[in-house]
Amino acid sequence: MASDTLTVIDNRTGRKYDVVIHDGAINATDLRQIRVSEDDLLGLVSYDPGFMNTASCQSKITYVDGDRGILRYRGYPIEQLAEKGTYLETAYLILYGELPTKSQLGDWTYNITHHSILHENIKKFIDGFHHDAHPMGMLVSAVAALSTFYTDAKDIFNAESRQRQIYRLISKMPTLAGFAYRHSIGMPNAYPDNDLSYTGNFLNMLFKMTELKYKPHPVLEKALDILFILHADHEQNCSTNAMRSVGSSHVDPYSAVAAAAAALYGPLHGGANEAVLKMLMEIGSKDKVPDFIKRVKSGQGRLMGFGHRVYKNYDPRAKIIKEIADKVFEVKGRNSLLDIALELERIALEDDYFIKRKLYPNVDFYSGLIYQSIGFPLDMFPVLFAIPRTSGWVAQWEEMLLDPDQKLARPRQIYKGADTRDYVPVEKRR
Ligand code: ACO
């Protein structure tokens, strides 16, 4: 018998099974052979709501070790990429597996820069939203709408077509976000400026006023670029799982990105940074922190920006973000909510409730404070997450499409509903 196997004895029947272990995993479909009787057509299934212990794919993109607080893209530690890299080269690395050479980076930057313009009809589409529409809602809808403009995107098994959509998606997400923001504040759109960097241009599309040429502040531009690097991918998180799952139906990538962005919108995922700021404002002052912690511990709400499904020691992104925050505050002045955040962190990190549950500040705990200091309104925070995560989504989507093991995502269920029964006419129902 090979040693890389798992021997299972089904005590219901006394039968013994050997299941192969490969890469530290068993194949869940191998459990199907474990049946109580010939009529048991389904066989044994594994029950795993929220995918707590289920690998849905093999991936070469991002490595996360939650216990040791490690995050690497294609083997490169996040700390090195944040210190030495740029968002665009990180996006290239995530997609193609290697850091680009000088000429590859030049071509990549050119292509991303030159796909940023949106069809003018998208403006009309965004104009249709109510003045107080949430920018993330507008972004989700507008990116889905892009699929109707690029019908070649349906050709998902054509490498050239996929490449074109990847350029477009990474390039147009900031423009869509800019249009959504300007719509919400009633300002005319600022068009992309090809002379600026990816993040510099994004700041231009948000904040350009009447000046002929927008000049991003280098410290803020760099801070945003680092934040984009930190948010570029995070293996099989909720939105990436949505991207892969929806993409597994072979829909075009714009529709799949819309689904991923919708997943990111939720307060337990990418909406958490917005929720953190709301929480800090609600607490209002440092002296109210102990009372707030008491309420969280008694089950009245959560400490937003704390806890992570994977990181049970510390979130390496949170550490880097704290350092960027200081640089941004030097330029923009100290964010008044920082004292409340620091006090929350101090008390929570000493408290048994949080220690026992391994709850530490996550990427969202401090990112919102930086975004607010740069000048972004709260409802733009999840948008600021969706823009850089697009490179991760499309990389994971392409990896999924080219993986021969992948199939239409379709989980099983354990049916607990009524047994078969006869239809009751309406007049006889009680
Ligand atoms: N505040 C207070 N208690 C918490 C928190 C929190 N932020 N997070 C988890 N807990 C408690 C739960 O109540 C639970 O306690 P119990 O065992 O007494 O019932 C225990 O810790 C485990 O919580 P789960 O929800 O089972 O853990 P899970 O791994 O599913 O949750 C999650 C991870 C969703 C991120 C959670 O920690 C949370 O809600 N955090 C706040 C929202 C947030 O910051 N999300 C951003 C995550 S990072 C990202 O998506 C980019």
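For ligands, and for the atoms within them, numbers begin at 1 and follow the listed sequence. Bear in mind that the values here come from a model prediction, so they are computed numbers and not experimental data.
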Visitor: For ligand 1, is any non-hydrogen atom under 4.0 Å from Asn237's backbone (N, CA, C, O), its side chain (CB onward), both, or neither?
Guide: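 Neither; nothing of Asn237 gets under 4.0 Å from ligand 1.
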Visitor: Please work out which of Val296, Leu268, Leu264 has its closest non-hydrogen atom nearest to atom 45 (N) of ligand 1.
Guide: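 Going through Val296, Leu268, Leu264 one by one, Leu268 has the nearest heavy atom to atom 45 (N) of ligand 1.
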Visitor: Check this for me, if you would: do Glu399 and Arg244 make a salt bridge, where the nitrogen-to-carboxylate-oxygen distance has to be below 4.0 angstrom?
Guide: yes
Visitor: Under a 4.0 Å heavy-atom limit, does Leu303 contact ligand 1 with its side chain, its backbone, both, or neither?
Guide: both
Visitor: Counting each atom of ligand 1 from 1 as listed, which ones have a heavy atom of Arg357 under 4.0 Å away?
Guide: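 Close to Arg357: 11 (C), 15 (O), 16 (P), 17 (O), 18 (O), 20 (C), 21 (O).
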Visitor: Are any of the side-chain nitrogens in Arg346 or Glu343 under 4.0 Å away from the carboxylate oxygens of its partner?
Guide: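 So Arg346 pairs with Glu343 through a salt bridge.
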Visitor: Between Asp10 and Arg35, does at least one N-O distance fall below 4.0 Å, as a salt bridge requires?
Guide: no
Visitor: Starting from atom 12 (C) of ligand 1, find the nearest protein heavy-atom neighbour and note its residue, name and distance.
Guide: Arg302 NH2, 3.4 Å
Visitor: Is any side-chain N of the basic residue among Asp152 and Arg168 closer than 4.0 Å to the acidic one's carboxylate O?
Guide: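 Looking at Asp152 and Arg168, the cut-off is met.
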Visitor: Which of the numbered atoms in ligand 1 are under 4.0 angstrom from any heavy atom belonging to Val363?
Guide: 51 (C)
Visitor: Is there a protein heavy atom at a distance of less than 4.0 Å from atom 19 (O) of ligand 1?
Guide: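 No, there is none.
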Visitor: When you measure from atom 43 (C) of ligand 1 to the protein, is at least one non-hydrogen atom found at a distance under 4.0 Å?
Guide: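 Yes, at least one protein heavy atom sits under 4.0 Å from atom 43 (C) of ligand 1.
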Visitor: Heavy-atom distances under 4.0 Å are what count here, so tell me which part of Val276 touches ligand 1: side chain, backbone, both or neither.
Guide: neither
Visitor: Which ligand 1 atoms does Asp364 reach within 4.0 Å, using its non-hydrogen atoms?
Guide: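 Taking each heavy atom of Asp364 in turn, ligand 1 has 46 (C), 48 (S), 49 (C), 51 (C) under 4.0 Å.
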Visitor: Can you confirm whether some protein heavy atom lies under 4.0 Å from atom 50 (O) of ligand 1, or whether none does?
Guide: yes
Visitor: Against the six-membered ring of Phe354, is Arg357 placed for a cation-pi contact (under 6.0 Å from the centre, within 45° of the normal)?
Guide: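 No, Arg357 and Phe354 do not form such a contact.
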Visitor: Between the side chains of Arg317 and Glu79, is the shortest nitrogen-to-carboxylate-oxygen separation below 4.0 Å, so that they form an ion pair?
Guide: no
Visitor: Measure the acute angle between the ring planes of Tyr311 and His234, then classify it against the limits of 30° and 60° as parallel, tilted or perpendicular.
Guide: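 The rings of Tyr311 and His234 sit tilted, inter-plane angle from 30° to 60°.
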Visitor: Which atoms of ligand 1 sit under 4.0 Å from any heavy atom of Leu359?
Guide: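 In order of number, 3 (N), 4 (C), 5 (C), 8 (N), 9 (C), 10 (N).
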Visitor: Give, for atom CD1 of Ile293 and atom CD of Glu350, the distance between the pair rounded to the nearest 0.5 Å.
Guide: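 Going from CD1 on Ile293 over to CD on Glu350, the span is 10.5 Å.
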Visitor: Under 4.0 Å between a Lys/Arg side-chain N and an Asp/Glu carboxylate O for Glu323 and Lys327?
Guide: no
Visitor: For atom 35 (C) of ligand 1, what's the nearest protein heavy-atom neighbour? Residue, atom name and distance, please.
Guide: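 Heavy-atom neighbour on the protein nearest atom 35 (C) of ligand 1: Gly307 O, 3.7 Å.
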Visitor: Is Lys319 close enough and on-axis enough to Tyr314, meaning under 6.0 Å and within 45°, for cation-pi?
Guide: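 Yes, a cation-pi geometry holds between Lys319 and Tyr314.
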Visitor: Where does Lys312 meet ligand 1, judged by heavy-atom distances below 4.0 Å: at the side chain, the backbone, both, or neither?
Guide: side chain
Visitor: Run down the list Lys358, Arg317, Arg309 and name the one with the heavy atom closest to atom 29 (O) of ligand 1.
Guide: Arg309
Visitor: Using a strict 4.0 Å threshold on nitrogen-to-oxygen distance, state whether Arg68 and Asp65 make a salt bridge.
Guide: yes
Visitor: Pick whichever of Phe365, Tyr353, Tyr311, Phe306 has a heavy atom sitting closest to atom 41 (C) of ligand 1.
Guide: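 Shortest heavy-atom distance from atom 41 (C) of ligand 1: Phe306.
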Visitor: Picking from Val20, Thr5, Leu6, what satisfies side-chain contact (heavy atoms from CB on, under 4.5 Å) with Ile26?
Guide: Leu6
Visitor: Under 4.0 Å from a heavy atom of Ala272: which atoms of ligand 1 are those, numbered in the order shown and with their elements?
Guide: 43 (C), 44 (O), 45 (N), 46 (C)
Visitor: Flag the pair Glu398 and Arg162 as a salt bridge only when some basic side-chain nitrogen lies within less than 4.0 angstrom of an acidic carboxylate oxygen.
Guide: yes
Visitor: Report the nearest protein non-hydrogen atom to atom 47 (C) of ligand 1: residue, atom name, distance rounded to 0.1 Å.
Guide: Asn362 ND2, 3.6 Å
Visitor: Mind checking whether His308 contacts ligand 1 via backbone (N, CA, C, O), side chain (CB onward), both or neither, at a 4.0 Å heavy-atom cut-off?
Guide: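 The part of His308 near ligand 1 is both the backbone and the side chain.
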Visitor: Under 4.0 angstrom from atom 27 (O) of ligand 1, is there any protein heavy atom?
Guide: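 Protein heavy atoms within 4.0 Å of atom 27 (O) of ligand 1 - there are none.
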Visitor: With heavy atoms under 4.0 Å as the rule, classify the contact between Phe385 and ligand 1 as side chain, backbone, both or neither.
Guide: side chain
Visitor: Using a strict cut-off of 4.0 Å, indicate which atoms of ligand 1 neighbour a heavy atom of Gly305.
Guide: 43 (C), 44 (O)
